[in-house]
There are 2 protein chains.
Amino acid sequence: MAKTEKVTQLTKDQLQLIERMGGVLEGGGLAPAPARVSALLLVSHETELPFEEISRLLNLSKSATSNAINLLLTFQRLEYVTRPGERRRYFRVKMFNWKEDMKEKFVAVGQMSAMYKEVLRQRPKSTPEFNRGLADMTDFLDHIVKEMPALFKKWEQKS
Amino acid sequence: MAKTEKVTQLTKDQLQLIERMGGVLEGGGLAPAPARVSALLLVSHETELPFEEISRLLNLSKSATSNAINLLLTFQRLEYVTRPGERRRYFRVKMFNWKEDMKEKFVAVGQMSAMYKEVLRQRPKSTPEFNRGLADMTDFLDHIVKEMPALFKKWEQKS
DNA sequence: TTATTAGTTCTGCGCAAACAGAACCAAAAG
DNA sequence: CTTTTGGTTCTGTTTGCGCAGAACTAATAA
């Protein structure tokens, strides 16, 4: 079967934006290659791209591409679809997960609070200021966690 | 001047708790040594500890201790006090910064939103679903950022 | 059956982070 | 001036990450 691909290219602006976004995502704990793959799939005019395109557009080796994609798949930040008669997968960002992601973040805040409470439990009463500082903090964190659902709901209604 | 130090020791529970907290803080982007120093100063019954104690209690070399402490100082997560007639500094966690920290986090959320908007601006109109997904997201992020001050205020009143 | 496609897995390299230990240094004590 | 204290800075080692390139593999095509 002959290749009938349209050989798209990224503009300089797109490459630059990918670079910047990549940097931000790296700050969020992602490795460079996965970060760029994520950025690419947001910036590219095509929202679904096959393995080889990703590899080519980002100048990534097959192994780096494979590992990056699989990482993002297991972290649920990517998904793929196939097209009738084609074996290869088309990858795209899973964008409907950001609400879940947010919720998880707030769960993490709750766990933080729990940890500080554990610290507090084993502290001597001889350091009341310090202990109160800690208590204030956990209290605040709990407050945030508790109020979050309302914030979500408020937004959903507004839309 | 003779040494009249009380040679405190950490209990197994404390060491364990420090280890766990250290892990969590590392997850938050801190290196092991700074993470443990932070944890130590929260868990230790003494809220203020001098350099040498930190080094000893955590089995850290002087260089590691020095670097960890200075890192935490520049990031404003630690501060120190001196005591009359003593040259050495006593370090303690700067706990009054967590509100600021939180605010910064939400500023970061705002920047995220800005970045996604930039992506949106350069996207073709030919992918309306995708674009709407993005728009929803930025909208939500902005909503969070906007509502945050109210959440803060509500908590301050409640206390 | 052989060849091609669409990846995955293995091997090895380069680089930076994290730490130890030693040398170093400035301020205070003797 | 000499020594001690309270660190800081330098040097070297270890460790692990992130990637490339090559070897490999399972499905499809020819």
Side-chain angles (χ1 to χ4, degrees), chain A residues 1-5 7 18-19 22-23 25-41 48-75 78-92, chain B residues 1-5 7 18-19 22-23 25-41 48-75 78-92:
Chain A
M1 190 197 276
K3 282 205 189 186
T4 53
E5 293 278 332
V7 178
I18 288 171
E19 210 57 32
L25 294 177
E26 284 178 46
L30 273 182
R36 281 175 203 171
V37 171
S38 299
L40 169 63
L41 287 171
E48 297 172 357
L49 292 176
F51 188 100
E52 198 249 323
E53 275 292 279
I54 295 173
S55 173
R56 188 178 58 84
L57 289 170
L58 295 178
N59 289 314
L60 281 178
S61 70
K62 287 175 101 184
S63 62
T65 308
S66 176
N67 289 327
I69 287 176
N70 287 321
L71 182 82
L72 293 169
L73 283 175
T74 59
F75 278 134
L78 242 57
E79 64 187 346
Y80 62 84
V81 288
T82 48
R83 298 182 179 178
E86 270 199 75
R87 184 148 66 102
R88 61 186 180 171
R89 300 169 288 175
Y90 285 78
F91 300 95
R92 66 181 179 205
Chain B
M1 192 198 273
K3 284 207 186 182
T4 52
E5 292 279 333
V7 179
I18 288 170
E19 210 56 31
L25 295 176
E26 283 178 47
L30 272 183
R36 281 176 202 170
V37 171
S38 298
L40 169 63
L41 287 171
E48 296 171 358
L49 292 175
F51 188 100
E52 197 249 326
E53 275 291 278
I54 295 174
S55 172
R56 188 177 59 83
L57 290 169
L58 295 178
N59 289 315
L60 282 178
S61 71
K62 288 176 96 182
S63 61
T65 308
S66 177
N67 288 328
I69 287 176
N70 287 322
L71 183 82
L72 294 169
L73 283 175
T74 58
F75 277 129
L78 242 57
E79 63 186 346
Y80 62 84
V81 287
T82 49
R83 298 181 180 180
E86 270 198 75
R87 184 150 65 104
R88 62 185 180 171
R89 298 170 292 174
Y90 285 78
F91 299 94
R92 66 181 181 206

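Quick caveat, the model's predicted, so the values are computed rather than measured. Numbered from 1 within each chain, the chains take letters A, B, ... in sequence-line order.
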Inset, instruction - For B:S61, enumerate each residue passing the side chain to side chain donor-acceptor pair (under 3.5 Å) test, keeping only those at least two apart in sequence or located in another chain. - result: B:S63

Inset, instruction - Answer yes or no: is there a donor N or O on one side and an acceptor on the other, between the side chain of B:S55 and the main chain of B:L60, under 3.5 Å? - result: yes

Legend entry - Nucleic acid footprint by protein, nucleotides 16-21 of chain C - heavy-atom cut-off 4.0 Å, B for base, S for sugar-phosphate alone: --SSBB

Legend entry - Integer-rounded Å distance: D:dG7 P and B:E52 CD: 10 Å

Legend entry - Whole angstrom value for the distance that separates P of C:dT8 from CG of A:L72: 13 Å

Legend entry - Protein-nucleotide distance (A:I69, atom CD1; C:dA6, atom P), rounded to Å: 13 Å

Legend entry - Minimum-distance pair of heavy atoms, taken over all atoms of A:A35 and A:E26: CB-CG, 3.9 Å

Inset, instruction - Might you point out which heavy atoms bring A:L40 and A:I54 nearest each other, and give the distance in Å? - result: CD2-CA, 4.0 Å

Inset, instruction - Measure from CZ on B:R56 to P on D:dG7 and round the result to the nearest Å. - result: 15 Å

Inset, instruction - Determine, for A:E19 against A:R36, whether the closest basic-nitrogen to carboxylate-oxygen distance falls under 4.0 angstrom. - result: yes

Inset, instruction - Measure from CG on A:L71 to P on C:dT8 and round the result to the nearest Å. - result: 13 Å

Inset, instruction - Write down the distance between CZ (A:F51) and C1' (D:dA27), rounded to a whole number of angstrom. - result: 16 Å

Inset, instruction - Look at B:R89 and D:dT8 and indicate whether a side-chain polar atom (N or O) is within less than 4.0 Å of OP1 or OP2. - result: yes

Inset, instruction - Return the value, rounded to whole Å, for the distance between atom CD of A:E26 and atom P of D:dC19. - result: 8 Å

Legend entry - Closest non-hydrogen atom pair, B:L78 against B:L41: CD1-CD1, 3.9 Å

Legend entry - Atom-pair distance (CG on B:L73; P on D:dG7), nearest Å: 11 Å

Legend entry - Residue A:R87, side-chain atoms from C-beta onward, closest of C:dG7, C:dT5, D:dG7: C:dT5

